[in-house]
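Nothing here was measured: the structure is a model prediction, and the numbers come from that model. All residue numbers in this chain count up from 1 along the given sequence.
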Amino acid sequence: MKRTDVRKYTFKLLYLSEFYQGEELQNQYDIYFAELEDIKEKDIAEIKARAQSVLDKTEQIDAALNDASVNWSVDRMNKVDKAILRLAYYEIEFDGEVPGKVAVNEAVELAKKYSSDNSPAFVNGILSKYI
């Protein structure tokens, strides 16, 4: 599976985490993956593990995002942008395999596809402070 696909699916799991917690979140993950065709179990395990790694660091990630976003707290961000920013920050700071510029570019592409017209610039502005 391509890294872009792993990123997209991880973003979608992070988005789900805005609405569900605990066992219900795991049930939603299962429902989501059951609807996908041609995805291997090892890929599902990797995506779930990656999403969990981001969720485990949410407090630290959100603190950094709050510092970077002047007069705009993470609590006020829309859920799509929040999921994108959390994933990208995780990739920049904790994933040694993803160059910072690639993480930012991919985050902007996710924002273009899944969020509002203003989101790509917003996401780019916050993340550019980390590279």
Legend entry - Pairwise side-chain hydrogen bond (donor to acceptor under 3.5 Å, both in side chains) hits with a residue in residues 31-49, at least two apart: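 The answer is D30-K48.
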With a cut-off of 3.5 Å and sequence neighbours excluded, list every side-chain donor-acceptor pair involving residues 102-113.
{"unit_1": "E106", "atom_1": "OE1", "unit_2": "R7", "atom_2": "NH1", "d": "3.4"}
{"unit_1": "E109", "atom_1": "OE2", "unit_2": "K112", "atom_2": "NZ", "d": "3.3"}

Inset, instruction - Could you tell me which non-hydrogen atom of E97 sits nearest to which non-hydrogen atom of D95, and how far apart they are? - result: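 E97 and D95 have their closest heavy atoms at N-OD1, 2.9 Å.
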Inset, instruction - Applying side-chain contact (heavy atoms from CB on, under 4.5 Å), run through E24 and F19 and close with a yes or a no. - result: CA-CA 10 Å; E24 182 60 28; F19 301 96; over 6 Å; no
Legend entry - Pair E93 + K57, salt bridge at N-O below 4.0 Å: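 No salt bridge links E93 with K57.
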Could you state the interatomic distance from [atom1] ([X]) to [atom2] ([Y]), rounded to the nearest 0.5 Å?
X   : Y   : atom1 : atom2 : result
Q28 : I31 : CD    : CD1   : 4.5 Å
I44 : L36 : CD1   : CG    : 7.5 Å
L13 : L55 : CG    : CG    : 8.5 Å
L14 : T58 : CG    : OG1   : 7.5 Å

A side-chain contact here means heavy atoms from C-beta on lying under 4.5 Å apart; do [X] and [Y] qualify?
X   : Y    : answer
Q26 : Q21  : no
Y15 : Y114 : no
T4  : K8   : no
V98 : I92  : no

Legend entry - Y9 and F33 aromatic ring geometry - parallel, tilted or perpendicular at 30°/60° bounds: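 Aromatic pair F33/Y9 classed perpendicular.
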Inset, instruction - Name the orientation class of the two ring planes belonging to Y90 and F94 (parallel below 30°, tilted from 30 to 60°, perpendicular beyond 60°). - result: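 Y90 and F94: tilted rings.
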For residues 69-88, run the donor-acceptor check on the side chains, cut-off 3.5 Å, and write out each pair with its distance to 0.1 Å, sequence neighbours left out.
{"unit_1": "S69", "atom_1": "OG", "unit_2": "L65", "atom_2": "O", "d": "2.8"}
{"unit_1": "S69", "atom_1": "OG", "unit_2": "W72", "atom_2": "O", "d": "2.5"}
{"unit_1": "R76", "atom_1": "NH1", "unit_2": "N71", "atom_2": "O", "d": "3.3"}
{"unit_1": "N78", "atom_1": "OD1", "unit_2": "V80", "atom_2": "N", "d": "3.0"}
{"unit_1": "N78", "atom_1": "OD1", "unit_2": "D81", "atom_2": "N", "d": "2.7"}
{"unit_1": "N78", "atom_1": "ND2", "unit_2": "D81", "atom_2": "OD2", "d": "3.0"}
{"unit_1": "D81", "atom_1": "OD1", "unit_2": "S115", "atom_2": "OG", "d": "2.7"}
{"unit_1": "D81", "atom_1": "OD1", "unit_2": "S119", "atom_2": "OG", "d": "2.9"}
{"unit_1": "D81", "atom_1": "OD2", "unit_2": "S119", "atom_2": "OG", "d": "2.9"}
{"unit_1": "K82", "atom_1": "NZ", "unit_2": "E18", "atom_2": "OE1", "d": "3.4"}
{"unit_1": "R86", "atom_1": "NE", "unit_2": "D62", "atom_2": "OD1", "d": "2.8"}
{"unit_1": "R86", "atom_1": "NH1", "unit_2": "E18", "atom_2": "OE2", "d": "2.7"}
{"unit_1": "R86", "atom_1": "NH2", "unit_2": "D62", "atom_2": "OD1", "d": "3.4"}
{"unit_1": "R86", "atom_1": "NH2", "unit_2": "D62", "atom_2": "OD2", "d": "2.7"}

Legend entry - Residues I61, V54; criterion side-chain contact (heavy atoms from CB on, under 4.5 Å); working and verdict: CA-CA 8 Å; I61 292 169; V54 176; 4.1 Å; yes
Legend entry - D117, CG: over 12 other non-hydrogen atoms inside 6.0 angstrom: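 Counting other residues, nucleotides and ligands, CG of D117 stays at 12 neighbours or fewer.
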